[in-house]
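Just below is one structure, and these are the notes that go with it.
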Amino acid sequence: MFRIPTVSRAIRRVAARSMSTTLSSANAPSYKRWIKGTLATAAILGGVAFYQDEGAQRTASFWSTAFPVYLHYRFVEKTVENKPEEDQEAEFQRLHDKYAHVMLDIILNMKGFYIKVGQIGSTRADFLPQQYLDALETLQNRVPAEPFEYVQGVVETSWQRPLDEVVEYVDPKPLGAASIGQVHRARLKDGRDVVIKVKFPDVEKNFESDMDTITKFCELAQPEQVHFLKEVKAQFLTEFDYTNEAKNLRRVWKNLKPEFGNDIVMPEPIEEYCTRDVLVMSYIPGRKFIDVVKDFYAKVAKQQGRTLEELEADHQAKLAKGIMETGPSQAQMDRALWLLRATAVCQNILVACANPFLHLCGYQGYDDITPDLPLNIPRLLKLLLDVHGHQVFIDGVFNGDCHPGNLLICDDGKLGLIDFGQVTYMSNADRFKLAEMMDALDHGDDQDIFDKHAALGYVSEKQDRYVSRMMATIGFDRDDRETCEGYNLQQFVEQLNLRDPMVSGANSAHVMASRTSILLRGLATHLSYPLVMTDAWRPWYTAALEEQKRLCLTS
C-alpha cells in the first residue's frame, strides 16, 4: 500500500489537527477561509516580529518560510488522493525535488537547534526521501562558517590577549562547522598541533525561542515528539559552555582508554586555553568517516559499472520498499582482508626474488605491491557499538551526539571520536533501570517489558501493554519495517500515539540513551547493516546487571 513519505505526513498531521480544531468551533470556516486565515496570521506575525526582538523575528521567519511548504504538500495530498499510486508518487517526488533544498536553506539560515534536528534526519535513510537525505547530509560536516575575523575576535576577547601571542599559525579556512560552532586547525607557540573550536554568535541567545518554535510545531504535527524535545532541552544547554566539553573529553577518555585505547583516539583538551566560548584540543590527523565511506562505495559502484549516485538511489529505493540489504559479516570481511594481504605478501616475495636478476639484465624491476584494502565497515560498526555500549552501561557517561559527522578514520587506522558537547551523566539507578529494560526486551514477556518501561517513567492514557512494548522496542532496540508493521519509524510512532497517547515519558538520561540508540541504528541502516541493539549491547547491559547484583549483595 502506498504511503506518503514522512515529510509530507508531518505536514498532513499539522493540517489535519488545525482543520479539526477550526471546524469544531461554532462558526466553522471553509477550507479556503482556513488557508487565507493561516496566511494572514503568518503575515501578521511577520509584521509584529519586525518591531520585536530577534527571537520573535526568528519564529516568524520559521513559520513564514516553512508553512508555505506544508500548505503545498497538504494541497497536493488533497488533489491526488484519488489518483493511481504511481501518479501520487510522481507528484510527491516533484515536491521533494522542489523543497528539499528549501528546507535545508531554512535550517542553515536558522542554525542552532534546527541543525541538530536536521542531523538526526540525515541518518535515517530508511524513511526520509532521497532528496532530503542528500540535502541534509551537508549538516553533518559542511555547515557554512563565520568569517575568520569573527573567530579571531571571539578568541582574543575570551583569552584577553592577541591571538598571535599564543598561536604561531591558524588556518583561516575552517576544518568544519556544525550546529553551534566551527573548528580551525592551528599550531601553538610551543609547537603543538591543535584545533580551535569557537562558538557561533547568538546561538545560545536564540536557543530558547528556537526550542519554543519547534515544540509548538511538534504539538501540532508530531505530538509524540514533544516529550523528547522537553527532556533534551536541558542537555543541549550544557553544550554552550565549552569548559563542560573539556571536562567531558577528559572523563570519557579516562573511562574508555583501558578497554579501547588501542582502537580509538579522542582529542585532548589544552586546559589553559579552554573557556566558555573557545575550546582548544589536540589535532587528530585523519579523514571524515563520511568521506571514507563514500570513497569505499564509489569503488563498489565502479566495480558494478554504476555511479555512486546510482548505487545510493538503488539502496534508498529498496529501503523505501522495506527491503533491507545486509553487507558482508565481520568474519567474511576479515577473511577477505587476510586473503588480500596474504596475496600481496606472496607477490612481494616474488618481486624480491625477481628484481636482482632483472637488475643484472639491465631492467628496472618491479615495485613492491601495496594492496588496496576495502573499508572494514562491520569491524568499525562493532567498535562503535562497543564503545557506546561501554559508555552507557558501564560508565554511565556517554556521548549522545554520535552522528557520522563526529567520526574520523585516522591515518593509523584508529577510529577518531570528536565533539563531546552533549555528554550525559547517568546515575547508577538510571543505568541499572536501562539495563533491566534491555534485558526485558531481550528475554521478557509483555508484562515484564511493561513494568520495566514504566520504571523508566513511561505512562500512557490507556496503559496499553502492546503500545508500551512497541514504544520501548523502537526507542531502545530496533525499528525495521517488520517491527514497525510495514510503516517507517515516524509513521509507526504516530500510529501508536493515536492508539494510546503518551502522558509522560523517560527522564532526560534515558531519552538521550534512546537518541544514541536511534542514531547508531540509523547509521548502520544507511551502511546496510541493520541493528538489533539487544544483540549489539548484550555484553554491556549484562555486565551492568551483574554489577547491580554485586552491589545488592554487599549492601
Side-chain angles (χ1 to χ4, degrees), residues 2-15 61-80 85-144 177-179 210 213-214 217-218 221-222 225 290-291 293-294 297 307-321 403-405 487-491 494 518-519 522-523 525-526:
F2 171 77
R3 292 186 175 92
I4 297 168
T6 300
V7 175
S8 58
R9 186 176 180 86
I11 289 164
R12 183 172 80 248
R13 286 283 298 278
V14 178
S61 176
F62 172 81
W63 286 103
S64 63
T65 52
F67 218 58
V69 178
Y70 133 64
L71 285 173
H72 197 178
Y73 270 95
R74 172 62 173 165
F75 174 76
V76 169
E77 184 203 356
K78 298 294 289 184
T79 58
V80 304
E85 180 178 318
E86 294 77 11
D87 293 345
Q88 293 186 40
E89 176 68 19
E91 288 294 332
F92 281 107
Q93 287 298 324
R94 279 192 281 272
L95 287 183
H96 302 331
D97 289 338
K98 180 175 182 178
Y99 288 123
H101 281 278
V102 171
M103 297 308 295
L104 174 64
D105 289 343
I106 292 172
I107 291 171
L108 292 178
N109 180 57
M110 305 295 282
K111 293 187 177 179
F113 187 69
Y114 292 92
I115 290 176
K116 291 288 185 190
V117 175
Q119 286 173 337
I120 296 174
S122 70
T123 68
R124 298 305 311 208
D126 50 338
F127 68 81
L128 269 187
Q130 186 65 44
Q131 297 92 323
Y132 283 87
L133 284 174
D134 292 341
L136 296 180
E137 187 182 33
T138 299
L139 303 177
Q140 293 179 4
N141 63 353
R142 295 191 298 276
V143 175
S179 56
D210 289 348
T213 300
I214 294 175
F217 178 80
C218 282
Q222 297 175 336
Q225 300 293 347
I290 303 166
D291 296 335
V293 168
K294 278 195 167 186
Y297 279 111
T307 65
L308 176 61
E309 292 72 21
E310 290 170 339
L311 185 68
E312 289 178 336
D314 181 57
H315 177 60
Q316 177 63 20
K318 289 177 179 177
L319 285 176
K321 295 176 182 178
H403 68 80
Y487 294 93
N488 67 47
L489 175 59
Q490 180 55 42
Q491 291 169 338
E494 291 171 1
I518 290 171
L519 283 170
L523 172 61
T525 298
H526 196 67

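Along the sequence shown, residues are numbered consecutively beginning with 1.
Taking both residues in full, the closest heavy atoms of Gly118 and Ile107 are given as CA-CD1, 4.4 Å, listed atom of the first, atom of the second, then distance. Tyr297 approaches Leu311 most closely through the heavy-atom pair O-CD2, 3.6 Å.
Distance check: Asn109 CG to Thr65 OG1 gives 7.5 Å after rounding to the nearest 0.5 Å. For the atom pair CE of Met103 and NE2 of His96, the computed distance is 12.5 Å after rounding to the nearest 0.5 Å. Here CD1 of Ile290 is found 8.0 Å from NE2 of His403. Values are rounded to the nearest 0.5 Å. Atoms CG and CD1, from Leu523 and Ile518 in turn, are 14.0 Å apart once rounded to the nearest 0.5 Å. With values rounded to the nearest 0.5 angstrom, Lys111 atom NZ is found 15.5 Å from Ile106 atom CD1. Put simply, CZ on Phe92 and CG on Asp87 are 12.0 Å apart, with the number rounded to the nearest 0.5 Å.
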As a quick check of understanding, evaluate side chain to side chain contact (heavy atoms under 4.5 Å, CB included) for Glu89 and Glu85, giving each step before the final call. CA-CA 6 Å; Glu89 176 68 19; Glu85 180 178 318; 5.6 Å; no
Hey, mind stepping through Leu71 and Phe75 against side chain to side chain contact (heavy atoms under 4.5 Å, CB included) and telling me if it holds? CA-CA 6 Å; Leu71 285 173; Phe75 174 76; over 6 Å; no
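Ring orientation note: the planes of Tyr99 and His72 are nearly perpendicular, at an angle over 60° on the 30°/60° scale. Using cut-offs of 30° and 60° on the angle between ring planes, the pair Tyr114 and Phe62 is tilted.
Residues passing the salt bridge (charged side-chain N to carboxylate O under 4.0 Å, His left out) test with Glu91 are Arg94, sequence neighbours excluded.
Residues Gln130 and Asp134 have side chains that bring a donor and an acceptor to within less than 3.5 angstrom of each other.
No donor-acceptor pair under 3.5 Å is formed between the side chain of Thr525 and the backbone N or O of Gly522.
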